[in-house]
Every structure is written in C-alpha cells, then in structure tokens.
Amino acid sequence: MKKPSNSVSSFLYASPTASKTASLDLGFGRSCAVWVNQNDHVFYEQLEGHTFSFYVRGGQGVWRVDEKPVHGWPGAICIFPHGQSSEWVISQPLEMVHLYLPDQELRRMYSEWTDRDGRMLDLADITYAPAGDLAQPFAHLHRALGSTNVIGAEEAMLDLIGHVIAQDRFCEHRMARLAGGLAPAVKRRLVDYIEAHLDQSIRLRSLAQIAGLSEYHLQRSFKQSCGVSPNVWIAHRKLERAKAMIRAGGSLVQVADSCGFSSQSHFTRSFRSGMGMTPASYRASAI
C-alpha cells in the first residue's frame with residue numbers, strides 16, 4: 001500500500017474547511033495552487049518537499065501556535081522547508097498561493113544555477129516576512145493560476161526561486177566540507193559534456209568514464225552533488241532546449257531530433273512528463 005504524502009497540499013486536502021480553487025502541474029513533481037480557508041486548525045508533520053506561501057487576502061486571523069503567536073497579513077510570505085513540522089490556527093477567511101517543489105528539485109536548481117554542490121543549500125523556516133522581491137513573482141504566479149497559464153506559472157516559479165536562492169534571509173549556503181559527491185572540476189566536465197551532447201542519447205557509461213568512476217559511484221555521487229540522478233538532470237536539460245526551440249518556431253519533428261529523442265512519441269511522452277502538457281499544447285500556449 002502506498003504511503004500517504006506528507007506534503008502541505010495533502011494536509012490541506014484532509015481539512016474539512018480548506019478548498020483549492022486553482023492548481024497547475026509544472027512537471028517533475030513541481031506544482032502550484034490557490035487555497036482558501038477559514039475556521040481551521042492544521043498540523044503539518046515532517047513535510048515532504050518545500051512549500052512557498054503568499055497571502056493574497058487575509059492572514060490577520062492566522063497564527064502559528066508552535067512558535068511565538070504572530071499574525072499574518074496580505075502580502076506576507078511563509079516558507080515551509082522539507083522536514084518541517086508546524087501547527088496553525090486559522091480564525092478568519094484567507095486566500096493564499098502555494099508553490100510546491102520536491103527537495104531534489106530545489107537542490108537541482110540550486111546546483112545548476114550556482115554551480116555549487118546541491119547539499120550546500122539550507123532553506124530557512126520562515127513564518128511571516130515581507131514579500132519584498134518575491135511579491136512580483138507571486139503575483140505573476142497568482143495570475144497564471146487564474147488563467148491556467150502553465151508557461152506563465154513556470155516563469156514565475158523560476159523568478160521566485162531565483163530570488164530565494166540569492167537572498168541570505170531565505171537560505172544559508174553551507175561552507176563546511178562535504179563528504180562524497182563530485183569534485184567541482186569533475187561536475188563541470190560532466191555538465192559541459194551533457195550540454196554538448198543533448199542531441200544524442202547520453203549513456204551513464206560515458207559519464208562514468210569522464211568522471212573516472214564506476215557507473216554505480218557516478219550515479220551516487222552525481223545525485224549527492226546535483227540533487228537528482230544524471231538521467232533526471234539530462235531530462236531537464238533536453239526539455240529546456242526543446243522549449244526554447246519551440247518558442248523560436250522550430251517544428252516539433254526538428255525539435256525532437258535536435259534534442260536526442262528516439263521518436264516523436266518518445267518526445268511527446270517525455271515532454272508531457274516534464275511539463276504536464278504535450279509539445280503541441282506548449283507551442284499553442286507560447287504563441
């Protein structure tokens with residue numbers, strides 16, 4: 001029997017008063033939603049994944065009871081890190097936007113964007129802070145949810161996480177020496193090789209030879225440093241190239257070939273898995 005998810009979303013689903021009014025699948029386990037709630041008492045226990053929350057409306061009647069009771073406000077943000085437990089009382093109506101990211105996805109983004117080991121990221125547990133630079137991407141995300149605009153929601157997600165990673169108030173960058181993982185120079189060689197061969201089928205054996213490791217140790221070390229397996233990293237990079245080519249007007253046949261997919265059906269399956277929509281739907285949305 002499958003273990004129930006311990007995501008923020010799953011706890012809200014179990015609430016008798018919380019209601020999800022909009023949601024979008026952003027692929028690779030990422031998603032976003034708008035929730036309304038009132039007169040509730042919610043426990044989050046050992047959360048799976050990270051949640052970024054923004055109060056669109058209300059919040060004055062909401063407080064976290066396992067900490068010093070401070071009320072929220074419209075425009076306030078909260079960050080629920082992976083593994084967090086907390087308890088909340090909601091006494092007045094509210095509307096909030098949530099962005100959900102699996103832990104491995106956040107670490108992959110951090111590793112890719114900063115060229116650092118993904119384990120260096122330590123996301124802060126934030127209960128009510130001014131949104132600041134996050135206000136605009138959260139507003140963009142809210143609009144995208146209202147119009148079911150997946151591309152707009154993805155853009156808002158990237159902007160939002162970029163601001164989070166760049167600001168010390170939201171996360172720390174551990175400097176302690178890490179055991180295992182890839183040496184920075186080896187990681188750079190692997191990433192460069194992947195980028196140069198996205199139009200081909202990239203084999204684990206080839207990556208292991210570049211790293212000077214066995215396939216088993218390459219797989220393990222890559223995931224430690226980059227947050228995800230080599231296969232998931234490659235899938236992300238191929239999808240990013242495919243989206244850029246589609247936005248530039250490339251035909252779907254050309255895009256599939258240039259991104260190393262074995263067939264049009266393989267391309268469609270992979271794209272749907274990563275984006276929650278087909279390449280054709282993405283092209284129509286991007287026009």
Side-chain angles (χ1 to χ4, degrees), residues 4-38 40-64 72-90 92-106 109 123-150 152-165 170-171 276:
S5 169
N6 270 24
S7 66
V8 165
S9 183
S10 69
F11 284 109
L12 290 175
Y13 266 125
S15 163
T17 58
S19 177
K20 184 165 67 172
T21 61
S23 64
L24 288 171
D25 179 0
L26 301 178
F28 294 102
R30 306 167 303 189
S31 63
C32 54
V34 175
W35 289 91
V36 293
N37 200 3
Q38 62 181 327
D40 203 357
H41 193 171
V42 182
F43 297 85
Y44 299 127
E45 299 180 21
Q46 292 295 308
L47 292 175
E48 295 177 4
H50 306 280
T51 299
F52 303 86
S53 176
F54 177 76
Y55 283 80
V56 177
R57 176 174 55 88
Q60 299 92 334
V62 185
W63 64 93
R64 180 174 170 177
W73 66 90
I77 63 164
C78 296
I79 296 180
F80 303 78
H82 177 77
Q84 184 226 58
S85 295
S86 56
E87 181 181 355
W88 301 77
V89 169
I90 301 101
Q92 297 176 21
L94 65 87
E95 179 183 6
M96 55 192 173
V97 178
H98 279 178
L99 172 66
Y100 307 113
L101 266 71
D103 183 58
Q104 66 176 25
E105 269 300 296
L106 182 63
M109 295 168 81
L123 192 66
D125 184 341
I126 301 288
T127 300
Y128 300 135
D133 292 342
L134 302 188
Q136 186 171 346
F138 263 122
H140 186 186
L141 187 63
H142 187 232
R143 290 193 298 271
L145 278 156
S147 58
T148 62
N149 180 355
V150 175
E154 184 185 32
E155 291 172 347
M157 172 189 68
L158 297 175
D159 191 15
L160 195 156
I161 299 303
H163 282 298
V164 167
I165 289 174
F170 297 132
C171 61

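Hydrogens, waters and symmetry mates play no part in the numbers below; they use all other heavy atoms, side chains included. For clarity, every value in this text was computed on a predicted model and none was experimentally measured. Count residues from 1 along the sequence.
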Side chains of His50 and Asp103, heavy atoms from C-beta outward: is any pair under 4.5 Å? yes
Counting C-beta onward and ignoring hydrogens, is there a side-chain heavy-atom pair between Leu12 and Met96 closer than 4.5 Å? yes
The reported gap from CG in Leu160 to CD in Gln136 (rounded to nearest 0.5 angstrom) is 11.0 Å
All side-chain contact (heavy atoms from CB on, under 4.5 Å) counterparts of Ala22, not counting sequence neighbours: Val34, Leu145
Minimal heavy-atom distance between Pro81 and Leu123, with the atoms involved, is CG-O, 3.8 Å
Any salt bridge (Lys or Arg N to Asp or Glu O under 4.0 Å) involving residues 49-64? Give me the pairs, sequence neighbours left out, ordered by first then second residue. Arg57-Glu95, Arg64-Asp66, Arg64-Glu67, Arg64-Asp125
Do Phe170 and Ile77 make a side-chain contact, defined as non-hydrogen atoms from C-beta onward lying under 4.5 Å apart? yes
Backbone of Ala144 reached by a side-chain donor or acceptor of Asn149 within 3.5 Å: no
The reported gap from CG in Leu94 to OH in Tyr55 (rounded to nearest 0.5 angstrom) is 6.0 Å
The complete set of salt bridge (Lys or Arg N to Asp or Glu O under 4.0 Å) pairs with one or both residues in residues 5-14, sequence neighbours excluded, reads none
Ala135: partners by side-chain contact (heavy atoms from CB on, under 4.5 Å), with sequence neighbours left out: Ala131
Go through the structure and list residues passing side-chain hydrogen bond (donor to acceptor under 3.5 Å, both in side chains) with Ser15, not counting sequence neighbours. Thr17, Asp40
Taking only residues two or more places apart in sequence, or in another chain, which ones meet His98 in a side-chain hydrogen bond (donor to acceptor under 3.5 Å, both in side chains)? Ser53, Tyr100
Interatomic distance, Glu45 atom CD to Gln84 atom CD [nearest 0.5 angstrom]: 11.5 Å
With Trp63, which residues qualify under side-chain hydrogen bond (donor to acceptor under 3.5 Å, both in side chains), at least two apart? none
Check: Gln46 main-chain N/O paired with Ser85 side-chain donor or acceptor under 3.5 Å: yes
Min side-chain heavy-atom separation Tyr128-Cys78 under 4.5 Å: yes
With sequence neighbours excluded, residues passing side-chain contact (heavy atoms from CB on, under 4.5 Å) with Ala156: His140, Leu141
Supply the atom-to-atom distance Ser7 OG to Tyr13 OH, rounded to the nearest 0.5 angstrom. 9.0 Å
Please report the closest heavy-atom contact between Val56 and His142, naming both atoms and the distance. CG1-CE1, 3.8 Å
Those residues at least two apart in sequence (or on a different chain) that pass ring pair (Phe, Tyr, Trp, His ring centres under 6.0 Å) with Phe11 are Tyr44
Can the ring centres of Phe138 and Phe52 be said to be less than 6.0 Å apart? no
With sequence neighbours left out, the residues meeting side-chain hydrogen bond (donor to acceptor under 3.5 Å, both in side chains) with His163 are Asp159
Measuring from Leu101:CG to Arg30:CZ, what's the distance to the nearest 0.5 Å? 7.0 Å
Determine whether Leu24 and Glu154 make a side-chain contact, defined as any pair of heavy atoms from C-beta on separated by less than 4.5 Å. no
Value for CH2 (Trp35) from NZ (Lys20), rounded to nearest 0.5 Å, stands at 5.5 Å
Mind checking whether Phe28 and Pro102 have side chains closer than 4.5 Å, heavy atoms only? no
